[in-house]
J.: 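The structure that follows is given in the form of structure tokens.
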Amino acid sequence: MIDHPDDSHTISRYESTGGYTQSKRALGLTRDELVEEIKTSGLLGRGGAAFPAGLKWSFLAPARPAYVIVNADESEPGTFKDRQLLERDPHQMIEGIIITSIANEVHHAFVYVRGEYPKPARRVQAAVDEAYAKGYLGNGIFGSDYELEVTVHLGGGAYICGEETALINSLEGKRGEPRLKPPYFPAAKGLYMMPTIVNNVETVSNLPHILAMGAGEFSGLTGNADTGTFMMSLSGHVSRPGNYELPHGITWRALIYEIGGGIPDGKELKAWIPGGASAPWFVPEKHLDLEITKDATAAAGSMLGSGAVIVMDEDTCMVKAAERVVRFFAHESCGQCTPCREGTTWLEMILRRIEEGQGRAVDLDLLIDVSDGISIGLAWPPKMTTICPLGPSAVSPIMALKDYFRDEVDSHVTNGGCPFHAHSEEGFVPPLEGGPVERSETEGGRPPEVAV
Amino acid sequence: MSHWSEDTQERARQIIARYPEKRSAVMPLLYLAMAEEGYLTGDGMEEVARWCEITPAQVLSVASFYTMYKRERTGQYLVSCCTSITCMLLGADDVLHAVEDESGVPHGETDDEGLLSVEHVECIGACGAAPAVQVNYELIEGVSPEKARELVQWLKSARPDVVNSDEMQELFGARRSFDWGISEEHGAIGPYPAFQPLGTVGSEVAD
Amino acid sequence: MESQVPAGELLIKAAQDEGTYIPRFCWHERMSPVGMCRMCLVEIETPRGPMMVTACTNPVSDGMVVDTESEEVKKAQEAILEFLLANHPLDCPVCDKGGECPLQDQALAYGPGESRFVEIKRSYEKPIRISDLVLLDRERCILCALCTRFSEEISGDPLIEFLDRGNATEVNTFPDLPFSSYFSGNTVQICPVGALTAKPYRFRARPWDLQKVESSSLQDTAHPRIEIHASQNEVLRYTGVDNDATNQGWLSDKARFGFEYLRSDQRLTSPLVRRDGELVEVSWQEAINIAASRLDLIKEEDGGEALAVIGGAQGTNEDAFAISKFARVALGSNNVDARLDDALASHFLSASVDRATIADIDNAGTLVVWAPDLKEEHPTLYLRVRRAAQELGATLVVIHPRATGLDDRATLKLTYRPGGGYQLLDELAHGDHPEVTHAMAADKVVALVGIASHADGDQLAESVAALVRQKATHAKLLPLNSRANTYGALDMGLAPDLLPGRVGLDSIGCANLAAFWGDIPTAIGRDTRQILEGLDSGEVRSLVLVGADPITDLPDPSIAVDALDAAEYVIAIDLFLNDSNRNADVIFPASGFSEKEGTVTNVEGRVQKVNQIRPAPGQARTDWAILDDIATRMGVSLGLASAETITKEIAAVSPAYEHLTWDTLEWDHRDGIVVPIQGAQAINHIPVALAGTKAPKAQLTLHVARVMYDNGVRLQHSPSSHKLGPGAVVHLNPGDAPTIGAQDGHTVKVVTNHGEGEFTCVLDEGTPAGVVYVPFNQQGAASLGPDPVVRVTAVHS
Ligand SMILES: Cc1cc2nc3c(=O)[nH]c(=O)nc-3n(C[C@H](O)[C@H](O)[C@H](O)COP(=O)(O)O)c2cc1C
Ligand code: SF4
Ligand code: FES
């Protein structure tokens with residue numbers, strides 16, 4: 001899916017490699033046939049939740065008009081695969097949109113591209129224009145009487161709009177706040193309260209290939225339940241970061257050491273995040289030889305999520321890494337749910353205090369208990385005590401500190417600072433927002449002096 | 001009673017026509033309002049409210065939810081440094097610091113001249129070649145603190161009318177998350193993304 | 001505990017009805033759930049083990065097993081409270097909400113007992129003014145979305161919104177665009193903390209010092225149920241009481257905040273008599289003597305026809321009954337009217353057999369509103385109609401000369417030239433505007449009819465009713481009038497052609513009443529306009545005004561001015577001096593709302609009890625007691641001993657009120673009882689023939705309409721609300737501006753054949769081209785009269 005000649009984003013190149021033959025063919029197939037084909041292929045959604053695409057389509061409620069939305073809001077830290085698909089292969093996705101729309105009897109599709117991706121958006125818009133010009137989109141596509149409009153929509157800078165119901169609110173011109181569940185799927189009530197299919201860029205980009213090779217062959221690409229190939233964004237402390245299209249089922253060791261070329265400068269691997277910033281962390285002692293499949297990862301208490309693997313070497317300060325991930329969620333919380341809105345920022349404040357040498361002996365327990373308040377029971381997958389999973393996702397780094405790096409937190413506290421970063425280092429410390437220092441004291445801890 | 005130019009009004013009409021409901025056009029129209037005045041003013045939001053037939057408070061509620069609608073005067077060049085996890089692991093804090101130091105503009109602020117604004121942002125999808133920086137959302141990957149200083153110098157002295165990702169990548173970037181393929185002419189002219197919907201592909205074309 | 005509850009009901013509500021309170025902050029029974037605070041988490045059993053869900057968003061289902069107190073639930077509740085308090089300023093000692101604060105109460109009941117939050121708290125500028133009435137303290141806000149939801153879902157003016165996101169989320173308005181909603185006070189009431197406070201109540205009391213009594217507001221024709229809160233004999237606030245019958249908890253700001261007049265130092269506190277042109281204080285004894293002897297004299301000389309009484313629409317039924325009895329028995333006159341020349345026919349208002357109830361609005365298939373702008377004049381009905389159109393699926397047809405508050409929810413809207421009402425009616429009768437006539441012919445039609453424009457006269461509404469009845473056989477009608485207890489007053493016989501109990505002034509009616517009142521005059525008396533004309537011509541010599549101010553309230557005040565100038569002797573009973581009673585000969589100080597008990601009857605005929613919480617100021621007394629004294633001094637015993645005995649007499653003389661007692665209203669039917677029309681000798685209204693008047697041909701036509709805040713005497717003496725009226729403004733369509741040569745904000749001169757004055761020009765798309773809209777009775781505004789012919793010219797300064 002990701003081999004690219006220089007001009008791979010043009011329609012002429014795409015067509016020269018067989019592009020748009022499958023969408024044209026889809027016009028001749030019924031909804032049932034198409035849904036069945038995708039169900040058989042076993043294609044799992046690539047946006048993070050790994051929900052079977054065909055099954056989702058089959059849930060589409062009968063009311064019309066229905067809509068298709070391609071989720072190109074890719075914002076999960078560590079993830080940059082959709083950007084490549086959008087920039088380098090927009091026609092592949094558009095062909096996927098045509099197939100999805102035909103299968104779901106949809107005549108208006110949207111591509112919701114995150115605001116910080118103007119170049120991918122330009123490429124998609126240019127490709128959409130080309131497809132309109134060729135008569136592959138618009139009134140009477142491929143000479144049929146089928147109408148399909150595609151609107152490219154640019155986001156405004158909000159990770160939460162990747163959550164599909166938040167995305168729908170955003171597309172309706174509202175705040176990007178996730179909607180209440182149930183309904184669990186926009187396929188029941190989505191855009192303008194009408195049935196809506198939301199799929200990830202990569203999910204949709206797979207469709208022309210599935211139709212071309214047949215569901216059977218696609219599902220046979222791997223020997224396990226996760227069918228087809230899977231894009232992984234490898235980043236952090238590895239020699240060869242990048243996007244890799246892989247069959248499911250290789251081991252983490254193979255990914256990090258063989259494909260990724262190992263840890264630079266001969267350093268040791270300390271930990272990695274297996275599936276985007278939301279995922280609970282893995283450590284070499286326990287997880288290096290696990291297979292990269294949905295089930296094996298889930299059994300080990302994490303997830304493949306958006307396919308982003310962030311690798312951290314032995315010199316990485318876990319408190320700081322945790323702070324950075326937690327900060328992300330605090331910054332991106334939509335603010336509806338009390339635990340997410342208040343809890344994530346609280347976690348961030350405590351972590352920053354520890355990193356800056358103002359940690360107290362009670363702070364790790366406090367971090368864990370605040371996490372317990374955000375994600376009641378600290379289970380994985382989290383109990384849904386918030387409207388969407390963003391809040392509970394923020395506790396993953398705290399769980400890593402609790403399970404694997406307690407001593408590192410302790411040494412921050414006893415050292416009065418970070419053992420990895422000299423105290424006076426010209427580091428970047430965003431100021432805390434807020435007013436006067438709160439004066440209350442907690443038993444057992446010394447009065448906090450909160451640095452600004 | 002629109003304060004917008006006839007051109008902009010025409011664009012607004014076209015954008016609204018791309019959506020089944022008027023209110024859906026709020027986000028693109030907010031960018032339009034920014035392009036009119038350089039940032040999002042109260043007048044701009046009231047104008048969007050009229051087009052979308054909602055109250056100005058509702059427009060503000062939406063605009064303030066998203067980080068890219070700048071409601072304060074923003075420089076001609078908005079320099080956004082990613083400091084999220086992967087970029088941080090690979091030295092992004094130093095890059096941000098270099099930008100702040102070289103420009104004299106602390107993050108979250110704009111210089112007196114209205115030339116440069118500096119901000120730190122969460123992940124911008126360039127983790128494969130971290131750390132990354134954007135100027136007016138045009139991306140540069142693999143930026144070192146030294147190159148970041150050169151970038152600031154260049155913006156200050158060359159003052160390009162249009163900033164273009166490929167050009168800046170050549171000058172100030174290093175590795176890329178993936179092969180970018182043929183380069184693009186398009187670029188941005190202000191602190192808002194160089195994407196204009198409706199088939200007139202984005203943006204301002206560099207000459 | 002096992003329970004039976006209606007399927008589909010939300011868990012939180014079902015539990016509550018069964019006596020299990022699930023703590024909550026963001027849920028409100030009258031709004032759609034948002035599930036934001038997460039305080040109401042409970043554990044339910046599922047095939048895949050226990051699951052935590054919010055009770056406010058999940059409906060009950062058959063066999064559902066719910067645990068509201070499991071360890072995890074408790075953990076969640078403690079966590080939520082610790083989170084909510086983390087950034088809360090804990091300034092309870094100086095917070096108005098302290099003592100009646102759900103956050104305090106639930107922190108005590110479900111909280112962890114201590115906070116471990118030692119970081120910097122979020123801080124904001126302490127209270128900011130977001131409107132003339134409301135202040136916002138964002139530090140106290142717990143972001144429950146009640147205020148924002150109310151404004152969007154219920155009142156339909158989303159001016160207060162969430163801004164920013166995540167931990168920086170705050171509630172606020174658009175800069176320089178205040179929260180100028182007519183319903184803003186509701187957000188203050190439902191705010192679960194002290195984030196939203198209202199100017200009239202701030203820092204005036206601690207909740208535990210308040211005395212409380214339930215009552216019904218007389219500043220809204222629906223008589224919304226309220227609780228009056230007072231301390232040390234001062235009324236400090238009203239809160240809305242949630243009842244299904246009328247207001248569902250909500251109040252307009254006028255009804256909520258318009259109580260300050262009660263404590264005004266301008267209140268009349270002792271009887272006044274005119275001596276040498278000056279009003280001087282005298283004893284009750286003396287004032288009563290003077291008034292009685294003068295009335296007696298005129299009655300002796302010219303009979304009851306030379307005497308008249310106007311008023312009674314703002315008080316209790318008992319007061320109205322006393323006025324009616326006083327006029328008929330003591331004065332021997334049927335010259336009595338509660339309406340001020342701007343009302344529909346008395347029998348149409350009070351005795352239409354097909355009168356709708358307010359609850360009928362909820363079940364309507366089609367709602368036709370051809371009436372004043374409900375948002376301005378009938379705020380409770382406005383909210384009910386809005387909800388029916390928005391949530392309950394009713395087709396809403398709005399017919400009005402300009403934009404109204406309901407337009408954004410209207411399925412169909414017809415706009416017509418003021419004065420062109422009959423023409424439009426004619427068109428509808430002949431099948432023009434087929435969508436409208438089609439909607440009108442549907443099942444379950446409820447029509448709210450009233451005077452949409454004085455330019456059409458006051459009979460159009462009856463013709464509209466006739467048309468609706470013709471199109472939809474089972475249609476129900478709600479005829480509207482603006483003064484709050486007009487319906488009660490008419491039921492008490494405060495009209496020249498009606499006797500107590502909606503009984504016509506005919507031989508049967510008079511005969512029945514004779515058993516109680518003795519003989520009364522049988523000829524139909526004069527209505528307000530005829531009374532005023534009679535005063536002018538000298539046929540009527542003396543007028544008693546009871547809580548009425550015709551000079552301010554009449555559409556054409558010149559009639560009232562001339563009449564009161566010409567009147568030989570004027571006696572007034574009132575709370576304040578006003579334009580009409582300023583030159584009276586005798587003035588009696590009256591007790592006002594919350595200073596007396598009694599019953600009142602609202603727009604649908606619902607009788608409710610109003611209650612006393614404070615003594616009247618000075619020597620002020622109730623209307624009925626004053627009238628009883630005057631009658632006694634005239635040698636006539638009215639037998640009015642107490643408000644409650646009057647209620648008993650009402651029940652005795654008027655079949656419709658047969659079983660109404662204070663006990664019933666206080667205990668069994670706190671929300672009141674709709675008195676039946678049938679039992680009350682229904683007067684079947686005869687449709688007015690469709691007249692064929694033509695719309696005026698003039699280039700500009702005048703539309704004068706009441707708005708919520710006017711220059712009425714009670715508002716004048718309520719400082720917080722007084723400034724809220726629009727003032728002397730004239731609305732013009734932007735398209736008309738160039739011809740007139742005026743721009744937004746300019747001063748223009750408006751001239752009619754009744755009056756003229758200078759007004760500030762407001763350009764407004766809601767006013768159609770050719771229409772000149774002027775809000776009625778504004779401070780500093782000239783009165784223009786009801787005629788549609790108008791000229792507008794630019795004033796060059
Ligand atoms: C907080 C959050 C952020 C998400 N961000 C994205 C995203 O950026 N892109 C995406 O495709 N899906 C994202 N998702 C998943 C979407 O909600 C949805 O499951 C997905 O778009 C469905 O497409 P798929 O079935 O093709 O994966 C996110 C979910 C959550 C809870
Ligand atoms: S969990 Fe966080 S991001 Fe998700 S809906 Fe709740 S507040 Fe918003
Ligand atoms: S009351 Fe249920 S979430 Fe707030």
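So that the names make sense, note that chain A is the first sequence line, chain B the second, and so on, each numbered from 1. Note that this is a predicted model, so its numbers are computed, not measured.
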J.: Which bit of A/I387 comes within less than 4.5 Å of chain C, counting heavy atoms only: side chain, backbone, both or neither?
T.: both
J.: Report yes if the side chains of A/R353 and C/V118 come closer than 4.5 Å at any heavy-atom pair, otherwise no.
T.: yes
J.: Heavy atoms, side chains only, cut-off 4.5 Å: are C/N58 and A/P182 in contact?
T.: yes
J.: Compare all side-chain heavy atoms of C/T54 with those of A/M384 and state whether any distance is below 4.5 angstrom.
T.: no
J.: Let me know if C/V34 has heavy atoms under 4.5 Å from chain A in its side chain, its backbone, both or neither.
T.: backbone
J.: Take A/W346 and C/N167, measure what side-chain contact (heavy atoms from CB on, under 4.5 Å) needs, and give me the verdict at the end.
T.: CA-CA 10 Å; A/W346 191 0; C/N167 207 257; over 6 Å; no
J.: Side chain, backbone, both or neither: which part of C/I80 has an atom under 4.5 Å from a heavy atom of chain A?
T.: both
J.: What are the two closest non-hydrogen atoms of A/M349 and C/I120, and how far apart are they?
T.: CE-O, 3.4 Å
J.: What part of C/M51 lies closer than 4.5 angstrom to a heavy atom of chain A: side chain, backbone, both or neither?
T.: side chain
J.: Identify the two heavy atoms, one from A/C337 and one from C/R38, that lie closest to each other, and give their separation to 0.1 Å.
T.: CB-CG, 4.0 Å
J.: Please determine, among C/M39, C/E78, C/M36, the option with the most heavy-atom pairs under 4.5 Å with chain A.
T.: C/M36
J.: Which atoms form the tightest heavy-atom contact between C/M52 and A/I376, and what is the distance?
T.: SD-CG2, 3.8 Å
J.: When you compare the side chain of A/H331 with that of C/R165, does any pair of heavy atoms fall below 4.5 Å?
T.: yes
J.: With the threshold set at 4.0 Å, does a side-chain nitrogen-carboxylate oxygen contact exist between C/E161 and A/R175?
T.: no
J.: In terms of side-chain geometry, is the basic nitrogen of A/E342 or C/R122 positioned less than 4.0 Å from the acidic oxygen of its partner?
T.: yes
J.: Is C/D164 close to chain A through its backbone or its side chain, or both, or neither, when contacts mean heavy atoms under 4.5 Å?
T.: backbone
J.: Hey, are the side chains of C/F162 and A/Q336 touching, using non-hydrogen atoms and a 4.5 Å cut-off?
T.: no
J.: Looking at A/C340, A/G373, A/G377, which makes the most heavy-atom pairs under 4.5 Å with chain C?
T.: A/G373
J.: What pair of heavy atoms forms the shortest contact from A/R341 to C/I142, and how long is it?
T.: NH2-O, 3.6 Å
J.: At a heavy-atom separation under 4.5 Å, does A/I160 approach chain C through its side chain, its backbone, both, or neither?
T.: neither
J.: Looking only at heavy atoms, which two atoms of A/P339 and C/C37 are closest? And how far apart?
T.: CD-O, 4.5 Å
J.: Considering only heavy atoms, which portion of C/L163 lies under 4.5 Å from any heavy atom of chain A: side chain, backbone, both, or neither?
T.: backbone
J.: Verify the neighbour count for atom NZ of A/K189: are there more than 12 heavy atoms of other residues, nucleotides or ligands below 6.0 Å?
T.: no
J.: Out of C/L143, C/T169, C/T57, which one racks up the most heavy-atom pairs below 4.5 Å with chain A?
T.: C/L143
J.: Below 4.5 Å from any heavy atom of chain A, which atoms of C/Y124 appear? Answer side chain, backbone, both or neither.
T.: neither
